[in-house]
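This report concerns only the one structure given below.
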Amino acid sequence: MVALRDIREAQEILKGVVHRTALTYSSVLSEISGGEIYLKMENLQKTGAFKIRGAYNKIAHLGEEERKKGVVAASAGNHAQGVALAAKIFGIPATIVMPRYAPLSKVTRTKKLGAQVILEGDVFDEAYEAALRIQERTGAVFVHPFNDPHVIAGQGTIGLEIMEDLPDVDMIVVPVGGGGLISGISIAVKSINPNVRIVGVQTENMPSMIASLKRGRIEKIEGKPTLADGIAVKKPGEITFEIIKKYVDDMVMVNEEEIADAILFLLEQAKVVAEGAGAVGVAALLNRLDVNGKKAVVVVSGGNIDVNMIDRIINKGLVKSGRKVFIETFVMDRPGALKELLGVVAELGANVLSVFHNRSAKDVPIGFAKIELELETVDEKHVEEIERVLIAKGYEVRIGR
């Protein structure tokens with residue numbers, strides 16, 4: 001279905017169109033894991049994800065008459081931008097169907113690239129069905145996000161770049177939704193060196209490929225909403241399923257908390273912005289995989305994360321690590337009482353981020369006021385010290401974690 005020669009052809013087609021993204025050594029991940037860890041930075045690709053590779057290669061193989069009819073695609077966001085940019089380069093119309101709850105940033109960027117965007121369905125698979133109906137009605141060419149040989153070959157150019165930059169790599173860790181990315185990478189890599197271990201990663205909330213592999217046939221699962229919206233695919237492709245059975249060595253799952261932690265880790269420790277789907281490989285490296293003594297590459301497949309989502313993940317991560325805490329207590333409703341409380345907090349070295357003073361709530365006794373503090377702290381031990389001292393000074397304390 002797809003061979004190394006197809007991927008090499010795609011590499012020639014993509015020259016001057018896509019970025020040859022960096023393969024960056026991560027000292028912090030190497031130290032933690034005991035391996036020699038590199039990040040393949042597809043989050044720095046055009047449109048912020050790897051998808052332009054497959055989309056452009058697909059459209060490049062269309063005939064003149066096919067291009068005149070335009071293209072249609074379904075996507076949770078990254079494929080949408082890849083198809084939109086490729087269509088813009090070729091000067092042809094593009095219609096993209098995206099789920100209603102696709103990140104607003106991805107919807108906006110797709111529109112700015114000149115595509116007509118239609119929002120339909122709650123998840124990718126429902127948007128996919130809507131896109132097929134449009135394709136039947138208009139005669140436009142459907143650009144599948146993963147179940148297409150030209151798309152797979154385009155994504156496989158990442159594998160060629162990894163092997164050129166790090167020929168003695170031992171393991172490559174790849175996010176998996178419908179399977180187009182790992183299919184292309186595994187064909188390219190295994191054709192060059194069959195001993196390289198290819199590991200796919202899915203979210204526990206939508207493990208459709210793992211479920212299908214376990215049952216020996218393609219299965220559609222309902223799943224749950226996930227931070228990794230870019231790999232939230234209910235049903236794998238027929239082509240990708242067969243390729244993965246043949247070439248991929250292992251598949252692992254990570255949960256939502258691990259994905260959030262990986263996003264924050266990459267942002268804070270590695271200075272890398274990754275979306276949920278782009279961070280699942282790092283989540284697997286930190287929680288599931290043994291890479292001690294091995295050279296491993298983690299594909300950071302995309303960086304198109306909504307700023308509001310980053311804010312929520314950062315705040316949750318800070319609270320989880322004890323670097324931010326919410327404290328609720330009561331003080332006498334008299335002048336100076338709040339100042340005394342804040343004086344104790346200051347002496348303990350906590351930074352006050354916000355104060356909410358409420359004397360009218362139902363649970364506030366007459367003559368008292370409820371004080372809610374948002375504090376910047378050092379760690380869990382610091383939080384425990386603050387709680388201990390406040391209780392010792394007679395305050396009733398509730399810690400929000």
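For clarity, every value in this text was computed on a predicted model and none was experimentally measured.
In this structure, Arg197 does not pair ionically with Asp170, as no charged nitrogen and carboxylate oxygen lie closer than 4.0 Å. Arg288 has a carboxylate O that lies under 4.0 Å from a charged side-chain N of Glu258, or vice versa, which qualifies the two as a salt bridge. Look at Glu242 and Lys245 and you find a salt bridge, because one of the NZ, NE, NH1 or NH2 atoms lies within 4.0 Å of a carboxylate O, short of that distance. Between Arg312 and Asp306 there is no salt bridge, since no side-chain N of the basic residue sits under 4.0 Å from a carboxylate O of the acidic one. With respect to the salt-bridge test (charged N to carboxylate O, under 4.0 angstrom), the residues Lys15 and Glu12 qualify. At a threshold of 4.0 Å, the pair Lys40-Glu161 counts as salt-bridged, since one of the basic side-chain nitrogens sits closer than that to a carboxylate oxygen.
Applying the side chain to side chain contact (heavy atoms under 4.5 Å, CB included) test between Gln81 and each of Asn304, Ile52, Ile96 identifies Asn304 as the sole match. With Val248 as the partner, the side chain to side chain contact (heavy atoms under 4.5 Å, CB included) test is satisfied by one option alone out of Ile182, Leu213, Val174: Ile182. Checked options Lys51, Gln45, Glu275; the residue passing with Asn78 is Glu275 (criterion: side-chain hydrogen bond (donor to acceptor under 3.5 Å, both in side chains)). Exactly one of Arg53, Gln11, Glu9 qualifies for a side-chain hydrogen bond (donor to acceptor under 3.5 Å, both in side chains) with Thr157. That residue is Arg53.
Within a 6.0 Å sphere centred on NZ of Lys69, other residues, nucleotides and ligands contribute 12 heavy atoms or fewer. Open room surrounds NZ on Lys316; 12 or fewer heavy atoms of other groups in view lie less than 6.0 Å from it.
Looking at Asn147, its side chain does come within 3.5 Å of a backbone N or O of Ile239 through a donor-acceptor pair.
Relative orientation of the Tyr128 and Phe142 rings is perpendicular, given thresholds of 30° and 60° on the angle between their planes.
Evaluation of the ring pair (Phe, Tyr, Trp, His ring centres under 6.0 Å) test over residues 362-398, restricted to residues two or more places apart or in two chains, returns none.
Remark: the Thr226 side chain and the Glu256 side chain contain an N/O donor-acceptor pair separated by less than 3.5 Å.
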